[in-house]
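Below is one structure; the comments refer to it alone.
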There are 2 protein chains.
Amino acid sequence: MNAPALLTSTEENYLKAVFALAQPRIGTNALADRVQTKASSATDMIQRLAEKGLVEYERYRGVGLTPSGRVAAAAVIRRHRLWEVFLAEKLGFGWHEVHDLAEELEHVQSPELIRRLDAFLDTPSYDPHGDPIPRADGTWPTAAGVRLDQVPVGQSFAVAGAADRTDELLDYLHRVGMVPGTEWTLVEIVPFDGTRTVQNRSGRTLDLSALAARHVLVQPQETQTPNA
Amino acid sequence: MNAPALLTSTEENYLKAVFALAQPRIGTNALADRVQTKASSATDMIQRLAEKGLVEYERYRGVGLTPSGRVAAAAVIRRHRLWEVFLAEKLGFGWHEVHDLAEELEHVQSPELIRRLDAFLDTPSYDPHGDPIPRADGTWPTAAGVRLDQVPVGQSFAVAGAADRTDELLDYLHRVGMVPGTEWTLVEIVPFDGTRTVQNRSGRTLDLSALAARHVLVQPQETQTPNA
DNA sequence: ATTCAAATTTAGACAAATCTAAAAATAAAG
DNA sequence: CTTTATTTTTAGATTTGTCTAAATTTGAAT
């Protein structure tokens with residue numbers, strides 16, 4: 001809960017890795033793998049983070065995050081994903097290219113910078129990969145429904161909303177008619193690129209990219225028999 | 001001329017400092033002051049940079065940049081000033097707040113990032129402080145005239161152009177009538193904040209902030225006797 | 001239970017960048 | 001042309017993050 005006293009880039013990277021892998025704990029080797037280093041180095045770092053109260057650590061037993069560790073990790077992930085949105089939406093990078101750059105940008109320390117970046121990007125809730133962006137207070141956006149990319153073929157659903165407030169996305173969804181309240185059925189997932197084909201009540205079909213599907217929140221329906 | 005093999009952030013900071021202070025050479029103490037360190041550390045670093053061929057160094061005689069050192073320094077300064085423009089124009093930071101943040105952002109290594117950032121900002125030639133931004137090829141924009149902030153009181157001049165292509169600046173200059181070809185005399189420089197008071201032929205006066213003055217390029221005129 | 005393999009930790013070394021304190025070179029003053 | 005003051009360099013230590021190699025601990029298998 002205490003303000004996460006300035007961490008080095010390396011410390012932040014380890015924290016992110018523990019956050020990503022600890023359920024609830026993660027071993028030294030797996031952690032070392034994730035941060036591209038050796039187990040012995042990971043041990044050293046873990047012990048430093050334990051002294052700072054960010055991870056709970058027991059020799060030979062692995063590590064997990066403490067509550068303040070979780071807060072600190074969320075802050076790093078927030079910075080990372082906001083930069084990803086910037087790189088993709090403003091600079092036009094492909095969503096597969098943004099990760100490595102964000103990896104560097106995320107370590108620039110300035111709460112004010114992040115506040116303004118967030119505002120500049122219209123406070124997005126999801127990054128270009130569809131992953132949620134922690135809020136400034138450390139809480140996580142919980143989908144008001146299920147993301148369309150997690151719905152199985154054959155499932156019917158009602159559109160609940162958009163994961164993002166960007167004009168581009170909202171315009172697009174409005175233009176193709178995927179507005180809140182409308183009902184659809186997922187008829188196909190193209191294996192090659194994850195494109196979703198959905199169909200409405202009147203039989204009209206529509207193709208949505210995997211990326212778009214991650215930004216559409218839906219409410220799954222009871223499956224209906226075709227002749228009901 | 002050779003691609004400036006990846007430098008550490010610290011090396012880049014020393015390079016910038018040498019660039020800023022060497023005319024043509026700079027002593028160890030002054031350099032150490034600039035990068036906030038001690039003379040002994042500066043000596044170490046200088047010797048590293050000399051081994052990499054970026055500075056020419058002679059013991060007890062100070063350092064200067066080599067041609068490839070100048071290219072490398074220009075690249076760092078380009079990154080720094082582009083980020084300053086981004087912070088001021090896109091995120092709304094004041095022009096006095098942008099330096100420290102740019103100091104961190106400038107070290108993110110990615111030519112493609114800088115290319116796209118440059119395009120996103122409409123390839124500016126000057127940063128928010130009015131300092132020129134080196135071009136991608138390492139050349140420097142030379143003012144098509146003299147910057148208004150370098151004109152002495154009493155001098156008459158014709159407006160030659162704007163240092164920047166941003167709509168805000170062009171709109172502003174157009175609105176106040178400082179368009180290319182018009183003639184003015186600088187009647188006062190307010191000591192407190194550097195505001196310039198200028199007067200046109202019909203006696204109308206206009207106040208320009210020091211910042212605006214840095215972005216206006218002018219052609220100085222022969223001084224005229226009042227009753228000519 | 002004992003043995004063995006895998007995972008983890010320690011010990012010792014190294015590179016980058018820094019510091020303090022002491023030595024060396026230069027420049028300035030008498 | 002000495003002496004002194006200033007600047008610069010070296011020497012040795014420190015911190016962060018890393019490594020290799022050796023020592024421990026754990027857990028799984030006989």
Side-chain angles (χ1 to χ4, degrees), chain A residues 4-18 21-65 69 72-73 76 103-104 106-109, chain B residues 4-18 21-65 69 72-73 76 103-104 106-109:
Chain A
L6 244 48
L7 302 175
T8 66
S9 297
T10 314
E11 288 173 328
E12 290 189 339
N13 286 334
Y14 273 95
L15 262 191
K16 269 198 310 176
V18 176
L21 302 175
Q23 294 155 10
R25 316 194 121 227
I26 170 69
T28 307
N29 270 333
L31 181 56
D33 257 37
R34 176 79 170 216
V35 298
Q36 308 253 56
T37 183
K38 294 300 162 67
S40 56
S41 306
T43 300
D44 285 353
M45 194 70 230
I46 286 164
Q47 293 174 340
R48 280 181 47 165
L49 291 176
E51 274 168 29
K52 297 195 177 190
L54 296 166
V55 300
E56 46 189 22
Y57 168 60
E58 211 178 337
R59 285 155 82 248
Y60 294 102
R61 286 276 127 84
V63 276
L65 289 175
V76 182
E103 202 71 22
E104 290 195 65
E106 75 189 5
H107 300 299
V108 174
Q109 300 279 3
Chain B
L6 242 49
L7 302 175
T8 66
S9 297
T10 313
E11 289 173 327
E12 291 190 339
N13 286 335
Y14 273 94
L15 263 192
K16 268 196 311 175
V18 176
L21 302 175
Q23 293 154 11
R25 315 194 121 228
I26 169 71
T28 308
N29 270 333
L31 181 56
D33 257 37
R34 175 80 170 216
V35 300
Q36 308 251 57
T37 182
K38 295 300 163 66
S40 55
S41 307
T43 300
D44 285 353
M45 194 70 231
I46 286 163
Q47 293 174 341
R48 280 182 47 166
L49 292 176
E51 274 170 29
K52 296 195 178 191
L54 296 166
V55 300
E56 44 189 23
Y57 168 61
E58 211 179 334
R59 285 156 82 247
Y60 293 101
R61 286 277 127 86
V63 275
L65 288 175
V76 181
E103 204 69 23
E104 290 195 65
E106 73 188 8
H107 299 300
V108 173
Q109 301 279 3

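Atom set for the values below is all heavy atoms of this structure, side chains included, hydrogens, waters and symmetry mates excluded. Naming: A, B, ... by sequence-line order, numbering from 1 per chain. In this text, all values refer to a predicted model and were calculated from it rather than measured experimentally.
- Side-chain contact between A/Glu104 and B/His107 is absent, with no heavy-atom pair separated by less than 4.5 Å.
- Across all strands shown, B/Gly27 has heavy atoms under 4.0 Å from sugar-phosphate atoms exclusively, and none from any base.
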Item to check | Test log, rule side-chain contact (heavy atoms from CB on, under 4.5 Å), inputs A/Leu54 and A/Glu11 | outcome: CA-CA 10 Å; A/Leu54 296 166; A/Glu11 288 173 328; over 6 Å; no
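- Heavy atoms of B/Ser40 sit under 4.0 angstrom from at least one base atom.
- Going from atom CG of A/Asp44 over to atom C1' of C/dA11 covers 11 Å, rounded to whole Å.
- Shortest non-hydrogen contact noted between B/Leu21 and B/Ala30 is CD1-O, 4.1 Å.
- Between A/Thr43 and C/dT9 there is a side-chain N or O to OP1 or OP2 distance below 4.0 Å.
- The shortest non-hydrogen separation linking B/Arg48 to B/Thr8 is NH2-CG2, 4.4 Å.
- For the contact set between residues 28-39 of chain A and DNA chain D, defined by any heavy atom under 4.0 Å, the members are A/Thr37, A/Lys38.
- Side-chain contact between A/Leu15 and A/Leu65: present, with at least one pair of heavy atoms (C-beta onward) separated by less than 4.5 Å.
- Rounded to whole Å, atom C1' of C/dT10 lies 18 Å from atom CE of A/Met45.
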Item to check | Candidate pair B/Ile26 and B/Arg34, rule side-chain contact (heavy atoms from CB on, under 4.5 Å), full reasoning | outcome: CA-CA 11 Å; B/Ile26 169 71; B/Arg34 175 80 170 216; over 6 Å; no
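- To the nearest angstrom, P of C/dA17 lies 11 Å from CG of B/Asn13.
- Following rounding to the nearest Å, A/Ile46 (CD1) and C/dA7 (P) show an atom-to-atom distance of 15 Å.
- Annotation: the span from B/Arg59 atom CZ to B/Ile46 atom CD1 amounts to 13.0 Å, rounded to 0.5 Å.
- A sub-4.0 Å separation between OP1 or OP2 of C/dT9 and a side-chain N or O of A/Tyr57 is present.
- The distance from atom CZ of B/Arg48 to atom P of C/dA15 is 12 Å, rounded to the nearest whole Å.
- Rounding to the nearest 0.5 Å gives a distance of 10.0 Å between CE of A/Met45 and CG of A/Leu31.
- The phosphate of C/dT10 (OP1 or OP2) has a side-chain N or O of A/Arg59 nearer than 4.0 angstrom.
- Nucleotides of DNA chain D that come within less than 4.0 Å of any heavy atom of chain B span, from the 5' end to the 3' end, D/dT7 to D/dT10.
- Take the nearest nucleotide of DNA chain D for B/Glu58 and for A/Tyr60: the residue whose nucleotide is more 5' is B/Glu58.
- Side-chain contact between A/Thr43 and A/Tyr57: present, with at least one pair of heavy atoms (C-beta onward) separated by less than 4.5 Å.
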